[in-house]
Amino acid sequence: MPTLTATSSFSVLGAPFEDGHPASSLFNKGTSYTYDDVIFLPHYIDFPVDAVSLSSPLTRRLSLSLPFVSSPMDTVSESSMAIAMASLGGIGIIHSNNSVSEQVSLLRSAKSRRIPFVSDFETLPPTESIDSGEASVVLVTEDGTRKTRVLGYVKKDDYEELRGNRVGDVMKRVEFIVPSGYDLDQIAGFLSGKGLELVPTVSEENEVIDVLRVEDVERTKGLPKMGLPSLGSKGKFLVGAAIGTREEDKERLAALVKGGVDVVVLDSSQGNSIYQLDMIKHIKRNYEEVDVIGGNVVTMYQAQNLIQAGVDGLRVGMGSGSICTTQEVCAVGRGQATAVYKVASIASQSGVPVIADGGISNSGHIVKALVLGASTVMMGSFLAGSTEAPGAYEIQNGRRVKKYRGMGSLEAMTKGSDQRYLGDKEKLKIAQGVVGAVADKGSILKFLPYTTQAVKQGFQDLGANSLQSAHELLRSNVLRLEVRSGAAQVEGGVHGLVSYEKKAF
């Protein structure tokens with residue numbers, strides 16, 4: 001390490017001169033800063049980028065190998081997203097804008113798998129014929145459901161040739177099945193060892209969960225290398241779920257706990273309420289084994305109340321999401337950079353991890369959120385539009401898009417999300433979000449590993465080889481920040497070109 005440090009003072013014309021400001025000074029001036037408002041100054045590099053570890057606590061008891069969490073929104077997080085997030089080392093939080101049985105079904109679907117995606121197949125009884133279909137495989141079972149014995153299969157490549165025939169007469173026999181707890185490497189080894197082109201995976205209750213083809217294995221092997229998956233004590237994917245704070249949510253909570261949920265997120269735009277405090281105490285009193293994440297909060301006062309009630313993690317953000325209009329409609333909230341720093345400062349004293357929720361639109365925002373004190377980042381729009389996000393793709397103005405809506409939008413509120421804004425008992429519904437569309441991003445199994453690498457490079461530039469190291473450098477005033485002018489923000493992006501193509505990877 002050089003003799004000079006980031007906190008060294010220099011003298012210019014006899015006056016003290018320093019690089020930037022410590023966070024404790026910058027965020028204590030009464031100004032609400034967003035991620036784009038501030039920039040970190042580079043520090044000193046003495047390690048390779050591959051030495052950076054992004055493992056971090058999600059709650060007091062649960063840790064992730066990657067600090068990524070999918071937001072509990074109905075256009076972001078269902079079973080496919082939860083499966084992919086856990087396989088990468090993050091976690092998905094399944095939304096609650098549905099019935100109790102629907103949410104539990106999504107939870108169980110995610111918990112029953114160890115492969116990073118939901119396979120594409122449908123089931124038919126042997127007496128049915130192939131008329132049409134989009135699935136890659138038709139699996140033939142005794143009664144055409146997933147809960148009876150598997151007999152055979154027909155692949156999509158053969159649909160046209162076999163159209164009109166009874167599938168029981170033309171199917172290829174299934175000789176082997178494997179447990180749904182097998183991971184991709186185990187399944188690949190089984191397929192290779194037996195010389196098979198596909199194999200069904202079956203749960204402990206003998207229900208067919210997936211059908212894995214050799215093509216699926218080869219396609220997944222072509223993706224960037226994954227980190228350690230997020231697994232619970234029983235070797236299953238870690239999966240979270242959101243609930244509200246009403247009395248009826250206690251029934252939802254009980255069903256989710258029975259379904260094997262690993263962490264519960266209390267989903268509220270303003271978490272400092274008697275309703276949330278009572279729900280936290282109820283969970284801690286009745287379900288000691290379940291960690292609870294409270295929020296949302298943006299002030300130290302709000303955070304302290306939830307910490308004293310017993311939360312295991314805090315979700316930070318109010319009005320910073322791309323589809324959220326809370327700050328505009330209600331005149332409350334806070335710039336996300338300020339909110340994360342302030343809440344993390346108080347939460348760290350009690351050992352409560354912070355989730356930075358909202359305002360993430362690029363890898364630089366993730367770096368800023370994590371270094372400012374967050375242990376994980378929760379993402380909505382950043383993951384929306386991916387293959388794993390719910391909904392069908394549409395073509396708008398020549399672009400392939402998926403719907404993305406705020407849980408405070410009137411459209412989402414009609415399904416029940418209005419209780420998140422404490423408005424479910426009101427006759428007049430006031431929107432705090434919008435409905436929009438986001439471009440097709442492809443699979444998160446491809447773009448999140450690249451995002452991870454970008455974040456690691458940011459940490460390397462700051463001289464931090466872990467989240468813990470970054471937090472220590474920030475608290476000791478070694479890492480310095482500056483506020484960016486509007487011109488500096490323009491200069492920090494692509495500028496001065498007639499045209500350009502911007503690719504992240």
### Query
Between the side chain of Asp210 and the main-chain N/O of Leu212, is any donor-acceptor distance below 3.5 Å?
no
### Message
Atom CG of residue position Leu228 - does it have more than 12 heavy atoms of other residues, nucleotides or ligands inside 6.0 Å?
### Response
no
### Query
Does the side chain of Val138 come within less than 4.5 Å of Phe121's, by heavy atoms?
no
### Query
Is it true that Arg246 and Asp249 have a side-chain N and a carboxylate O under 4.0 angstrom from each other?
no
### Exercise: identify the closest heavy-atom pair between Ala82 and Val239
CB-CG1, 4.1 Å
### Task
Find out whether Leu107 and Leu256 are in side-chain contact, i.e. whether some heavy atom of one side chain is under 4.5 Å from a heavy atom of the other.
yes
### Query
If only atom types and distance count, is the side chain of Thr452 paired as donor or acceptor with the main-chain N or O of Leu448 below 3.5 Å?
yes
### Query
Got a second to check how far Ser268's OG is from Met279's CE, nearest 0.5 Å?
11.0 Å
### Query
Where the side chain of Ser230 meets the backbone of Gly89, is there a donor-acceptor pair that is under 3.5 Å apart?
yes
### Check: Tyr35 and Ile360 side chains under 4.5 Å, non-hydrogen atoms
yes
### Query
Do Val178 and Val202 pass the side-chain contact (heavy atoms from CB on, under 4.5 Å) test, and can you show the C-alpha distance, the side-chain angles, and the key distance before you say yes or no?
CA-CA 6 Å; Val178 297; Val202 179; over 6 Å; no
### Message
Looking at Gln103 and Ile94, would you say the former's side chain and the latter's main chain have a donor-acceptor pair under 3.5 Å?
### Response
yes
### Message
Quick check: do Lys342 and Thr299 have side-chain heavy atoms less than 4.5 Å from each other?
### Response
no
### Query
Does Ile283 reach the side chain of Glu288, with side-chain heavy atoms less than 4.5 Å apart?
no
## Note on the structure
Here the gap from Leu474 atom CG to Ser469 atom OG, rounded to the nearest 0.5 Å, amounts to 11.0 Å
## Note on the structure
Here the pair of heavy atoms bringing Leu238 nearest to Ser63 is CD1-O, 4.2 Å
### Check: Gln336 side chain, Val316 main-chain N or O, donor-acceptor pair, under 3.5 Å
yes
### Query
Does a side-chain heavy-atom distance below 4.5 Å link Thr123 with Val208?
no
### Query
Hey, is CD on Glu472 packed in by over 12 heavy atoms from elsewhere, all under 6.0 Å?
yes
### Message
Main chain of Glu102, side chain of Ser105: is a donor-acceptor contact present, judged purely on distance under 3.5 Å?
### Response
no
### Message
Restricting to non-hydrogen atoms, name the atom on Phe447 and the atom on Ser386 that form the minimum distance, rounded to 0.1 Å.
### Response
CE2-CB, 4.0 Å
### Query
Is Asp37 salt-bridged to Lys368, going by a charged N under 4.0 Å from an acidic O?
no
### Query
Going from CG on Leu64 to CD1 on Ile91, what distance comes out if it is rounded to the nearest 0.5 angstrom?
6.0 Å
### Query
What's the spacing between Ser180 OG and Lys236 NZ if we round to 0.5 Å?
7.5 Å
### Query
Does any donor atom in the side chain of Gln270 or Gln276 lie under 3.5 Å from an acceptor atom in the other side chain?
no
### Message
So that I can tick it off, tell me whether Lys111 and Asp262 are bridged by a salt bridge, with the cut-off set at under 4.0 angstrom between side-chain N and carboxylate O.
### Response
yes
### Task
Measure the shortest side-chain to side-chain distance between Leu253 and Val261 over non-hydrogen atoms and say whether it is less than 4.5 angstrom.
no
### Lys/Arg N to Asp/Glu carboxylate O, Arg60 vs Asp291, below 4.0 Å
no
### Query
At their closest point, which heavy atom of Asn98 faces which heavy atom of Arg252, and how far apart are they?
O-NH2, 2.7 Å
### Query
Checking side chain to side chain contact (heavy atoms under 4.5 Å, CB included) against Val211, which of Thr201, Val137, Val174, Val199 comes through?
Val137
### Query
Looking just at side-chain N and O atoms, do Asn296 and Asp357 make a donor-acceptor pair shorter than 3.5 Å?
yes
### Message
Does either side chain, that of His282 or that of Asp278, offer a donor lying less than 3.5 Å from an acceptor on the other one?
### Response
no
### Task
Check step by step if side-chain contact (heavy atoms from CB on, under 4.5 Å) holds for Val332 and Met318.
CA-CA 8 Å; Val332 292; Met318 190 175 189; 3.6 Å; yes
### Message
Nearest 0.5 angstrom please: His95 NE2 to Ile243 CD1, how far?
### Response
15.0 Å
### Query
Hey, does the side chain of Ser350 reach the backbone of Ala347 with a donor-acceptor pair shorter than 3.5 angstrom?
no
#### Entry: Gap between atom CG of Leu383 and atom CE of Met73 - 0.5 Å precision
10.5 Å
### Nearest atoms (heavy-atom pairs only) where Arg114 meets Tyr182
CB-O, 3.4 Å
### Summary
For Arg315 and Asp267, the nearest pair of non-hydrogen atoms, with its separation, is NH1-OD1, 2.8 Å
### Query
Is the side chain of Ser348 donor-acceptor paired with the backbone N or O of Ala344 at a distance under 3.5 Å, no angle test?
yes
### Message
Is the terminal nitrogen or CZ of Arg213 (NZ for Lys, CZ for Arg) located under 6.0 angstrom from the six-membered ring centre of Tyr153 and within 45° of that ring's axis?
### Response
no
### Message
Using only atom types and a distance under 3.5 Å, with no angle test, would you say the side chain of Gln349 pairs donor to acceptor with the backbone of Ile346?
### Response
no
### Message
Treating Lys441 as the side-chain partner and Thr387 as the backbone partner, does any N or O pair qualify as donor plus acceptor under 3.5 Å?
### Response
no
### Message
Can you confirm whether Lys234 is buried at NZ, in the sense that more than 12 heavy atoms of other residues, nucleotides or ligands lie under 6.0 Å from that atom?
### Response
no
#### Entry: Check: His365/Asp36 side-chain N/O donor and acceptor closer than 3.5 Å
yes
### Sidechain N-carboxylate O distance under 4.0 Å for Arg146, Glu207
no
#### Entry: Sole residue of Asp312, Thr376, Val292, Leu314 in side chain to side chain contact (heavy atoms under 4.5 Å, CB included) with Thr59
Asp312
### Message
A quick test of your reading: do over 12 heavy atoms of other residues, nucleotides or ligands sit less than 6.0 Å from CD of Glu251?
### Response
no
### Task
Could you tell me whether Asp440 and Arg399 make a salt bridge, using a distance below 4.0 angstrom between a side-chain N and a carboxylate O?
no
### Task
Evaluate the criterion side-chain contact (heavy atoms from CB on, under 4.5 Å) for residue pair Phe68 and Ile366; output intermediate values, then yes/no.
CA-CA 9 Å; Phe68 301 147; Ile366 297 174; 4.0 Å; yes
### Task
Take Asp143 and Thr141 through the test side-chain contact (heavy atoms from CB on, under 4.5 Å) and record every step on the way to the result.
CA-CA 6 Å; Asp143 67 356; Thr141 65; 4.1 Å; yes
### Task
Report yes if some heavy atom in the side chain of Glu142 is under 4.5 Å from a heavy atom in the side chain of Pro125; otherwise report no.
no
